Amino acid sequence: MTRVDHSGMANAIRALAMDGVEKAKSGHPGLPMGAADIATVLFTQFLKFDADDPRWPDRDRFVLSAGHGSMLLYALLYLTGNPEMTLDQIKNFRQLGSKTPGHPENYETSGVETTTGPLGQGIATAVGMALAEKMLAAEFGKKAVDHHTYVLASDGDLMEGVSQEAIAMAGHWKLNKLIVLFDDNGISIDGPISIADSVDQVKRFKSTGWQAERIDGHDPQAIAAAIARAQKSGKPSLIACKTTIGFGAPTRAGTAKAHGEALGAEELKGTKEKLGISLEPFSVPADVLECWREAGSRGAAARKQWEARMATLSNRKRAEFDRRLRHERPAALAKALKAHKKALLESPQNVATRKSSELAIEAIIPAMPEFLAGSADLTGSNNNKAKSAVAFSAKTPKGRFIHYGIREHGMAAAMNGIFLHGGFAPNGATFLVFTDYARPAMRLAALMGTGVVYVMTHDSIGLGEDGPTHQPVEHLAALRAVPNMRVFRPCDAIEVAECWELALNRTDGPTVLALTRQSLPQLRVMAPSDNPCSHGAYELVAAQGKARVSLFASGSEVEIAVAAQKELAGRGIATRVVSVPSLELLLAQPAERRKAIIGAAPVKIAIEAAVRFGWDAVIGPDGDFVGMTSFGASAPAKALYRHFGITPEAVVEAASKRLSSK
Ligand SMILES: Cc1ncc(C[n+]2csc(CCOP(=O)(O)OP(=O)(O)O)c2C)c(N)n1
């Protein structure tokens, strides 16, 4: 550093963090104050970024995994000159509508790569980003893709279980461009972490296939030397940076008191005096700001060089790269699915929907090179690996199927990172019941709006013998309750193709495809270009005459509804069947359409091999529900459907009872 020394620059971060938290009267000053030296070295000497163009595709990614330390990131964005991060935004920390929310939100603030806050998510998401970088570089070459992913992680990040899943994958895949800076301050909310943890993080990471070392996190030379070593490593790197939380605070430094509350006027004054910072709130000396702004524009040259390199690619390759990064789907996708549906109509497939999904994937893959499937060790059961798909590995980075291992949570978090990085449309698979193991990352997907697809097979008691531990009953309702999560439970091969199409074209939020283990008949005899699943539900079988009964069902229970409809019609009771591949999408339709689909039949019955929760919105509190009220049991599927009374006979009986009491 020339005119301004390192500590002057680091202190600018500390000052803004302290003042921002003080004004908001809430927030976390301790981490930004402790990690300011690490961040200063990283941003001024290593991070490849251009503050003027925060979305430049070949920028290095920086993930603040310890999202509670958000003021660190906001201070860096302001100091380096991100056009949207003004000083007023810093002053509005944690206020409604500001670009400085309590925890970093990727959809609120340019320059924030991913939402963080739930500890462990950031580092796990970053693994997905580094994976996407490696795969995209293998496909488009280093001219186009050659950047690092840096993470700042805290004790809490490394204590969370998902971090183990994530680092194990990164080590196994040799994601050597992933560099984690561990803010090793030994303090969490309850006090010193020694009260709850005695893991040697350096040994832990080393045993997981990482390069790992310990340094003094307040020594700029040591930080720089360690990052330089990490950049040369053939493995992902952990740099455990010993720091003092709340660095500089006279009484709170090094204590849990520095973690998550404003310092208060006296402590703040004392800190500023100790560090030689102006007492004027939100003031950054002009020469310090100038140096920071230089750091912010340092990457402009690298960006221009990248643009020059991109200009040497063929027009076709360049256009494809841009399309992929924009998450724009290829024109060939719609054509491929249209042909696939036509073939299904000509030659119906009475197979499990997981198998129909495999058939759809086989049709999709040649049309969509960004399709990136994976499974948490259930590949043969989830049916989402195309025959042609090669497994990804450190040695085969062009492989487009990912064996995530038995790591549902790590898989879901990595998928977020893959999508956020850009260039791929990730889908990941396990059993529906194990969405419980992936939920925190699925929730973040919905919050951030990542267009990922979860291929969730074995979606009910219909999976049979594995029993209640494996049979989801509450999961559909739970997933439907997540805002911006789309849940599809298709009933046959045509609906599966339609739902895949909707899922892949949804790039602003995640989609769950709930698929069966057991075979189902192909019920659909038409595949109109206006995809009926796009409304969430549609009339599959019309009533003969004015309907007295409407049957609503999803997935495997549509077959039951159709059988009941036949029986009721035979008895002269006009009955219609409404297939409901997506309950929440139906409920989100404009009122007129929703009313038309739900209809006005006096008797409404819903059938789903799951709990009733949510269905009242369609059938009303007095409508009949044929489904589950308890956990399942271990037995063949047919026996279970009989045992739990989810049968055409039960539906017919419920309808008859209702009609006789009308
Ligand atoms: C999954 C999850 N659990 C709990 C919390 C609440 N929380 C916020 S910070 C924190 C721990 C703070 O310790 P550390 O990670 O070492 O951060 P530091 O004290 O160094 O700022 C906790 C428990 C959270 N954000 N995410």
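A quick note: this is a predicted structure, and the numbers were derived from the prediction, not measured.
Proximity of V180 to S237: side-chain heavy atoms (C-beta onward) are nowhere separated by under 4.5 Å. Side chains of T40 and P220 form no contact here, defined as non-hydrogen atoms less than 4.5 Å apart. Counting only heavy atoms from C-beta outward, the side chains of Q45 and R298 never approach each other to under 4.5 Å. Residues R61 and H148 form no side-chain contact, since every pair of their non-hydrogen atoms from C-beta on lies 4.5 Å or further apart. Using a 4.5 Å heavy-atom threshold, the side chains of S375 and F401 count as touching. For the pair F321 and P57, the minimum side-chain heavy-atom distance is below 4.5 Å. Between M159 and L119 there is no side-chain heavy-atom pair separated by less than 4.5 Å. Annotation: side chain of E108 is not in contact with side chain of K99 (no heavy-atom distance under 4.5 Å).
In the displayed structure, K304 atom NZ is contacted under 6.0 Å by at most 12 heavy atoms of other residues, nucleotides or ligands. No more than 12 heavy atoms of other residues, nucleotides or ligands sit less than 6.0 Å from atom CZ of R55. Counting heavy atoms of neighbouring residues, nucleotides and ligands inside a 6.0 Å radius, atom NZ of K48 exceeds 12 of them.
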Original post:
After noting the C-alpha distance and the side-chain angles of T312 and K143, does the key distance pass the side chain to side chain donor-acceptor pair (under 3.5 Å) rule?
Top reply: CA-CA 9 Å; T312 67; K143 266 188 190 177; 3.2 Å; yes
**OP:** Walk me through it: do K177 and T149 pass the test side chain to side chain contact (heavy atoms under 4.5 Å, CB included)?
**Re:** CA-CA 6 Å; K177 289 160 100 180; T149 303; over 6 Å; no
**OP:** Before giving the answer on side chain to side chain donor-acceptor pair (under 3.5 Å), spell out for H409 and Q164 the whole-Å C-alpha distance, their side-chain angles and the decisive distance to 0.1 Å.
**Re:** CA-CA 10 Å; H409 196 178; Q164 183 56 34; over 6 Å; no
Original post:
Are V202 and E213 close enough, and set up right, to give a side chain to side chain contact (heavy atoms under 4.5 Å, CB included), and what steps lead you there?
Top reply: CA-CA 6 Å; V202 167; E213 63 172 309; 5.9 Å; no
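Interatomic distance, CG of D184 versus CZ of R214, reported as 6.5 Å (0.5 Å rounding). Put simply, CZ on F282 and CD on E22 are 9.0 Å apart, with the number rounded to the nearest 0.5 Å. To the nearest 0.5 Å, atoms CD1 (I223) and CG (L181) are separated by 8.5 Å. The CD1 atom of I167 lies 6.5 Å from the CH2 atom of W210; values are rounded to the nearest 0.5 Å. Once rounded to the nearest 0.5 Å, the distance linking CE of M411 with NE2 of H403 reads 12.5 Å. L337 contributes atom CG, which lies 5.0 Å from atom CD1 of I364 (distance to the nearest 0.5 angstrom).
Here the two rings, on Y150 and F62, have centers that are 6.0 Å apart or farther. For an aromatic pair to be called close, the ring centres must be under 6.0 Å apart, and H147 with H421 satisfies this. Close placement of the F419 and H327 rings is indicated, their centers lying within 6.0 Å of each other.
Evaluation of the side-chain contact (heavy atoms from CB on, under 4.5 Å) rule for R293 yields Y78, L289 as partners, not counting sequence neighbours. Evaluation of the salt bridge (charged side-chain N to carboxylate O under 4.0 Å, His left out) rule for D155 yields no partner, not counting sequence neighbours. Applying the salt bridge (charged side-chain N to carboxylate O under 4.0 Å, His left out) rule to E139 yields the partners R324, R400; only residues at least two apart in sequence or on another chain are considered. Residues passing the salt bridge (charged side-chain N to carboxylate O under 4.0 Å, His left out) test with K23, sequence neighbours excluded: none. With sequence neighbours excluded, the residues that form a salt bridge (charged side-chain N to carboxylate O under 4.0 Å, His left out) with D50 are R303. In this view, H68 and H28, H259 satisfy the ring-ring contact (aromatic ring centres under 6.0 Å, His included) rule, not counting sequence neighbours.
With T396 contributing its side chain and K398 its backbone, the two residues share no donor-acceptor pair below 3.5 Å. Within the 3.5 Å criterion, the main-chain N or O of G296 finds no donor-acceptor partner in the side chain of T80. In this structure, the side chain of E370 does not engage the main chain of F424 through any donor-acceptor pair within 3.5 Å. Of the possible polar contacts, none joining the S163 side chain to the G120 backbone as a donor-acceptor pair under 3.5 Å is found. Using a distance-only test at 3.5 Å, with no hydrogens or angles considered, a donor-acceptor pair links the side chain of N176 to the main chain of S233. Judged by distance alone, the side chain of T100 and the main-chain N or O of Q89 form a donor-acceptor pair under 3.5 Å. Side-chain atoms of S314 come within 3.5 Å of backbone atoms of K317 as a donor-acceptor pair (strictly under, hydrogens ignored).
Contact record, L77 with S110: CD1-O, 3.7 Å, taken as the closest heavy-atom pair. Nearest heavy atoms, A15 versus I277: CB-CG2, 3.7 Å. Nearest heavy-atom pair across Q121 and V162 is N-CG1, 4.3 Å. A363 approaches P366 most closely through the heavy-atom pair O-CD, 3.4 Å. In plain terms, the two heavy atoms of S70 and P104 that are nearest each other are CB-CD, 3.7 Å. In terms of heavy-atom proximity, A66 sits nearest to D157 at N-OD2, 3.2 Å.
Screening L178, L136, I418 for a side chain to side chain contact (heavy atoms under 4.5 Å, CB included) involving L131 leaves a single residue, I418. A ring pair (Phe, Tyr, Trp, His ring centres under 6.0 Å) with F49 holds for exactly one of F43, W56, W306; it is F43. Of the options D508, N416, T114, a side-chain hydrogen bond (donor to acceptor under 3.5 Å, both in side chains) to T450 is made by N416 and by none of the others. Tested against L73, the residues T109, T116, L64 include a single side chain to side chain contact (heavy atoms under 4.5 Å, CB included) partner, L64.
Between the side chains of R14 and N11, at least one donor-acceptor pair of N or O atoms lies under 3.5 Å. Remark: the D5 side chain and the S7 side chain contain an N/O donor-acceptor pair separated by less than 3.5 Å. Side-chain atoms of S154 and D183 include no donor-acceptor pair closer than 3.5 Å.
Ion pairing between a basic and an acidic side chain is recognised when a charged N comes within 4.0 Å of a carboxylate O; E113 and R59 show such pairing. A salt bridge links D19 to K272: at least one charged side-chain nitrogen sits closer than 4.0 Å to a carboxylate oxygen. The pair E320-R323 meets the salt-bridge criterion, with a side-chain N (NZ, NE, NH1 or NH2) lying under 4.0 Å from an Asp/Glu carboxylate O.
The aromatic rings of W500 and F371 lie tilted to each other, with the angle between the two planes from 30° to 60°. Ring geometry for Y404 versus W173: interplanar angle over 60°, hence perpendicular rather than tilted (30 to 60°).
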